[in-house]
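So the structure is just underneath, and the comments pick up after that.
Numbered from 1 within each chain, the chains take letters A, B, ... in sequence-line order.
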4 protein chains.
Amino acid sequence: MSVSPFDSKILGELFSDQKSRSLFDDEAEIKAMMQVESALARSQAKFGIIPESAAQMITEVLADTVIEPEQLSAGTASAGVPVPEFVRRLRSAVGDEAGQYLHWGATSQDIIDTGLILRLRDYLDLIEDRIENLKTALREMVRKHRSTVMVARTRSQQATPTTLGLKVAGWLAPFNQHSRRLSELRHRLLVVQFGGSSGNLSVLGGDGIEVMDQLSKELGLRAPVAPWHNQRENIAELAGFLSLITGSLGKLGEDLILLGLSEVSEVRATKGGGSSTMPQKANPIQAEALVTLARFNAGLVSTMHNCILHPHERDGPSWSLEWLALPQMAVATGTALVHANSIVSSLHVDTVRIEKNLADSSGLILAEAASFALSEFMSRAEALAMVKSACSQVLRSGDHLMTVLADMTDVPIDWDKLRDPSNHVGVSDRLIDRILNDTG
Amino acid sequence: MSVSPFDSKILGELFSDQKSRSLFDDEAEIKAMMQVESALARSQAKFGIIPESAAQMITEVLADTVIEPEQLSAGTASAGVPVPEFVRRLRSAVGDEAGQYLHWGATSQDIIDTGLILRLRDYLDLIEDRIENLKTALREMVRKHRSTVMVARTRSQQATPTTLGLKVAGWLAPFNQHSRRLSELRHRLLVVQFGGSSGNLSVLGGDGIEVMDQLSKELGLRAPVAPWHNQRENIAELAGFLSLITGSLGKLGEDLILLGLSEVSEVRATKGGGSSTMPQKANPIQAEALVTLARFNAGLVSTMHNCILHPHERDGPSWSLEWLALPQMAVATGTALVHANSIVSSLHVDTVRIEKNLADSSGLILAEAASFALSEFMSRAEALAMVKSACSQVLRSGDHLMTVLADMTDVPIDWDKLRDPSNHVGVSDRLIDRILNDTG
Amino acid sequence: MSVSPFDSKILGELFSDQKSRSLFDDEAEIKAMMQVESALARSQAKFGIIPESAAQMITEVLADTVIEPEQLSAGTASAGVPVPEFVRRLRSAVGDEAGQYLHWGATSQDIIDTGLILRLRDYLDLIEDRIENLKTALREMVRKHRSTVMVARTRSQQATPTTLGLKVAGWLAPFNQHSRRLSELRHRLLVVQFGGSSGNLSVLGGDGIEVMDQLSKELGLRAPVAPWHNQRENIAELAGFLSLITGSLGKLGEDLILLGLSEVSEVRATKGGGSSTMPQKANPIQAEALVTLARFNAGLVSTMHNCILHPHERDGPSWSLEWLALPQMAVATGTALVHANSIVSSLHVDTVRIEKNLADSSGLILAEAASFALSEFMSRAEALAMVKSACSQVLRSGDHLMTVLADMTDVPIDWDKLRDPSNHVGVSDRLIDRILNDTG
Amino acid sequence: MSVSPFDSKILGELFSDQKSRSLFDDEAEIKAMMQVESALARSQAKFGIIPESAAQMITEVLADTVIEPEQLSAGTASAGVPVPEFVRRLRSAVGDEAGQYLHWGATSQDIIDTGLILRLRDYLDLIEDRIENLKTALREMVRKHRSTVMVARTRSQQATPTTLGLKVAGWLAPFNQHSRRLSELRHRLLVVQFGGSSGNLSVLGGDGIEVMDQLSKELGLRAPVAPWHNQRENIAELAGFLSLITGSLGKLGEDLILLGLSEVSEVRATKGGGSSTMPQKANPIQAEALVTLARFNAGLVSTMHNCILHPHERDGPSWSLEWLALPQMAVATGTALVHANSIVSSLHVDTVRIEKNLADSSGLILAEAASFALSEFMSRAEALAMVKSACSQVLRSGDHLMTVLADMTDVPIDWDKLRDPSNHVGVSDRLIDRILNDTG
């Protein structure tokens, strides 16, 4: 219970991973802001807006300057943004002559937002890797359990047979689409923000747009159509994307928790968490974390959408509200992917239990199949009525549904074939292929 | 204060419009479900799964059958979905012989989800039209006010000059991206859901996928890679998309409310709402509605993201939670677009007041410009210090900043040129062109 | 999937009940607003602010006047509130002479908010009844199953024995506190709103507060300290209270879904929902609805808290945002209570299955108990190590834990006594008594 | 943009204050957990459950033992809770003999939840102090500006006159109720959690409840009716309470932002935040932070309400989701109170500007008053019509409303008296007294 759950040493790596975290710590922000100031100076020198020598000096000095986060605390509290104090310190490091050309015509938001985008670029690369790894691991699992017949469950009840392969393919399928979403999002999101005080680059003379484009080139980002300081849709869309990912993983986590219930026990993480008092416990810690992180992000996505209501040319409250929510969502998502990769690569599938659970239903999960088999010999209504009555008898007697039905009617059905769940998995196999081959 | 705010007669069209609403009323749902059942029968007949004659009969009878919503009430309350009772009634209308082939191998969710997609297709067409209209109206307004110089405001304070044209272009820009988002979303979202009881089309024999693909063709939808009954990412993404749109409109609404404050009064809706007791009042009702609807959707997007945690092959609570949230979000968005179109086409721009507000700042909004002008003759630090001191004097004396500065220094600056706000709108014009020409 | 899910005929009573709904339909709002206008006239006549004869006329005419909701649609869309048109129609019904004294010195919000409070008063009575009924039913169930020993489950795994009585008492306990919360909330919430245009009753002369107090008396409400038109904390608190209730019921629903899983099947609703294709299914529809409604309210409580940011003397967007959320939350809560009462009074407890599940763990759920029993003869560390090793053996061999332990050590433990789960339910009984006797 | 915004050195004290933070850092959690383990040992010794000597040893050793947060990281990641590793280390510090009696019969949640409650007790004391200070400061401001007449604004438009005193009293009033809410909440919330593995204290023999009660006494907390490990309503209620407070402060912040708009400028924080490029800027940083923190909390309250759906005897995901949200809400609230106290004690009220703004409306804000004055001489409808027509003329001519009206009619009205806004503040003064004397 720490105010900084993603940096809590007590919680350790339970809800955050070092790599995601390191992209969103104070040092990373300062480093990114330095990159922006430095690239800005070079871009402006190129168009003669500031002296070339100043740009060189700025570039050189900033490469070696270290600003400690705490040096900015007081300035941020007073100005509401760290940039004025940050710029003051950089200028002082660079010296009066060149220093005056640092941050030329820029506003705080240019530096903070572009600095954020730089980190998001690295972050999106990071999670793309993790997504690709996860897809690979899930694909392997799909292939391995293509023919593992198991109980499908709808509305919390055993329904009909399915295969574990198809179930896992269902975890994979959304990630095929996430990959595509990621590329669509990158196109929109990974662009420089540079607009000056109110977004029209007013003090740069006629070359404002050229500087904006050059700055983009320097930083390896796409140039925006125009400054977007008060258009936060892309940032909110990113938040939604992150929550879609944790949502998909949360569904996987919920499935694993349910598959690992003591009474089901079909699929389990190989190492569970111990209890402080119950020696037999093996709790599904990582699967639980997936659910926790999914609901955490789902909550914050609403906060981020409220930030789109960003009035006029810049709004303090809705802008800084993003700061309180977005990095947490990013780290939550990065970490959820770590957990998912760890889980999927270490799952234990208990085929004995899977078969036992299939058998335990006394054929009730074949009720639909039986009704269609009977429909070849009687009307569907009669077939349904017969199966329903047989189901009741199964619940009373414990006999297998096919045994009960075989007693009820003498239509020439191959009851043994019908009794085998593996004959009722439909086109699982072909669906699996479609998902394995899908590119989003 | 009605439990059904979007259907409240008291609230009328304040938060809902007839066209959006009609896509999400009971009748529309029933009609869509009928279309699905009918198309399903034809698709199955094509592959010999049900008799061609049954498919014909089903198609014909369903074309004439009317099911009243209230006929489904009791059945839904008991089954948790309207489909069992819906199918019972349709079968009874079709007659025993053909009726038994209706809903063959389908599950309730196939009908409800595909029926939803059909309505969402029409809905996305509807809002696309409205978005295009809005873009056209905004483009016109941008062009008209390209050169209307006004005060830009950041963090609630007057900042520097800008143009109304650029401000309006900032309302337009996100919609260029929304159009692109819409096309990306359509690709993913507008696909049939057809999976049978647990998603493997188990009772259709080997032709399940062919039927799924044929059903898509019949309904004019794209065929999915695989059933997605328990993969709700696309639905949540739609919710996010809707909230992005209302967010953009909410920002527009907030801007208009602030521009229309009694003390600002630069841009106003031509007809405001009256008060029950204050004769002089003209409240910005439609602009307010944009904010209301934006925050409403922003809240529900979180609810919809929670729905992605949809365990196993079907989950009652998270599925039906969508029902409580999504249609409201859709109507809210459709209506926000109606309001926005109405507002934008009827805005009154008070150029006299705009100029007065520009003038009232005594040149303080030119402080940045002055500091850059002075920087040509002294260091930036000296320039900033001089301007800061001049600003204080302006606040005390009420004199214009340029007058004060001209007294402070004898550097050869053209103070009259500097005094004119229209010389400080930077590259507004070129940015406007980029936004007008942007295709998202 | 209707834009008005709580009024959808298709959904029927699945997510809404007639009584809750009727307090939040258009007719109820109009009726309440009439009551307020009528009581206001009488209150003002009492202090000579308007003529006594006018108050009598207003009271008489309003008693017989019917305003149809649709008559207000256009007026609301134009004014943003129904009151101006509502007042116009009432004045016309009353006639010019007396009509001019109707709505004297009041503002729209006075009528809408006080009208809301009147309905909330009835609503809180309604849900109090339902809460009391639920508490009674739960108390009965607690008493009946005081000694029904069952498996307790923590973090999704079987943990130790408990009793069904204590489990049900855990459902009851929060309602003891809800009753107390309700009384605390009533005190704050059920007060008149009457402030006039800006909240200082400016046109009523010196008697404004007396009128406010008299109006409260007329309506049977408490008088407020002062008008609260722009202080929405009580309304947000109500929203939170509603969501606490649905939260408690959602937990009950989740527990029931999990207890009713095919593989657990210990407690079940007697009538489950059928499937459109699977004859054996009995889905836990009502328990699911509890979860759905809980998550729906949990989402909207955030929306309602955003409404507290209600600027100046009245704010359009944040006020009307309440209209879109609060009545839905109220009906959701009322209906969840209906479902809960229905569920609890019809639950089927399968004691055979409960015992089987207890037995199936082969004593693993007694691991903690065994470790404490052994701790009397060895150190706690040694005891834990021995039990842990025994648990592994149980998992391999399927033998009962006590059998395995008895083989491992010869300490004089009464293994048969230890083997009986009913000896390990701690102070369940005394805890039950405390909960049964708790008054919140 | 840090993943730990409340601990970010860059952000410093902008969104967090040291005192609130220190109650929710890792060290505070460890310290609180130690207190619980130590008090538990003493409580159990009192009833002979563990040896008195062990309790003494535990108490003594724990008083001197330091556990570094990072020592728990790996253990938490593996077990999902820090307690198993925490207990292992404590036992090792205490030694085998006494150590085995540490954490006797307790479960992880007992230690974490009770440790949380201990910190919440201190936290509630902290914010109570801040609330009391704020109330005092607001009361002073109310008294000081009791007679400062100013413009009231409804739906973003100038409405009628009011007093600054009443406006500030409107900021105060909710805090009178918050004080009462706090005392109601403390009663429910500040109780020990002690239930053992599944909540029935099963391994403590017959004295479980006595130990629970004694533990409460040792820790200075109230004893609960029963363990509440899986009943999270009180925790969610706390979250709601925190969000009510930040909501009230967010409204205050929004009001101050609007009162401090360049074009309004009536009330301003004395020190505003500077810009990195605009020398004249003084941004309302602290008022903005109030809005940011309010919307942040409003979002998370929904997350916390979802946590009430806590299945069975303990649920991993919903329990640990609280950890990610609650401490942040607490620090946000504590800090918002710090900002509010700082703001209120340093506000600059610009009475000149207030009077100018009053005058600038040309009497339009007296339209309602004029209509009532005229109503003494004509029907209310005629009066309203005349004033409406006069308002239009004011907007065209700029003449004062009373001048226009005096020209329109010769009814014997004292137009000069009517023209003075201070004659139209109704019962502001008496309402202020009621609020000043209110005890919630």
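- With a 4.5 angstrom heavy-atom cutoff, Asn306(C) touches chain D via backbone and side-chain atoms both.
- At least one donor-acceptor pair closer than 3.5 Å links the side chain of Glu313(D) to the backbone N or O of Arg153(C).
- The OG1 atom of Thr246(D) lies 7.5 Å from the CD1 atom of Ile308(C); values are rounded to the nearest 0.5 Å.
- Among the candidates Asp315(C), Asp96(C), Asp438(C), Leu290(C), the residue making the largest number of heavy-atom pairs closer than 4.5 Å to chain D is Asp438(C).
- Contacts of Trp228(C) with chain D are absent, with no heavy-atom separation under 4.5 Å from either backbone or side chain.
- Both the backbone and the side chain of Glu233(C) have a heavy atom closer than 4.5 Å to some heavy atom of chain D.
- Only the side chain of Leu166(D) comes within contact range of chain C, with heavy atoms under 4.5 Å apart.
- Only the side chain of Arg91(C) has a heavy atom closer than 4.5 Å to any heavy atom of chain D.
- Residues from residues 99-108 of chain C that place a non-hydrogen atom less than 4.5 Å from a non-hydrogen atom of chain D comprise Gln100(C), Trp104(C), Gly105(C), given in numerical order.
- Side chain of His312(D) to main chain of Thr154(C): no donor-acceptor pair is present (N/O by atom type, distance under 3.5 Å, no hydrogens or angles).
- Neither the backbone nor the side chain of Asn437(C) comes within less than 4.5 Å of any heavy atom in chain D.
- Side chains of Asn297(C) and Ser243(C): a donor-acceptor N/O pair is absent below 3.5 angstrom, by distance only.
- If you measure heavy-atom distances from Ser428(C) to chain D, the contacts under 4.5 Å come from both the backbone and the side chain.
- There is no contact between His229(D) and chain C, counting heavy-atom distances below 4.5 Å.
- Salt bridge status for Arg430(C) with Glu210(D): present, with a side-chain N to carboxylate O gap under 4.0 Å.
- Heavy-atom pairs under 4.5 Å with chain D were tallied for Ala173(C), Ser371(C), Pro174(C), Gly250(C); the largest tally goes to Pro174(C).
- At a cut-off of 3.5 Å, with distance as the only test, no side-chain donor of Thr160(D) or Ser202(C) sits close to an acceptor on the other residue.
- In terms of heavy-atom pairs under 4.5 angstrom with chain D, the leader among Arg295(C), Gln109(C), His310(C) is Arg295(C).
- Under a 4.0 Å N-O distance rule, the pair Arg180(D)/Glu184(C) does not qualify as a salt bridge.
- For Arg155(C), the salt bridge (charged side-chain N to carboxylate O under 4.0 Å, His left out) partners two or more places apart in sequence, or in a different chain, are Glu288(A).
- Contact annotation for Asn234(C): both backbone and side-chain heavy atoms come within less than 4.5 Å of a heavy atom of chain D.
- Of all the listed residues (Ala381(C), Pro317(C), Gly208(C), Gly170(C)), the one sharing the greatest number of non-hydrogen pairs under 4.5 Å with chain D is Gly170(C).
- Contact of Met212(C) with chain D is made through the side chain alone, with heavy-atom distances under 4.5 Å.
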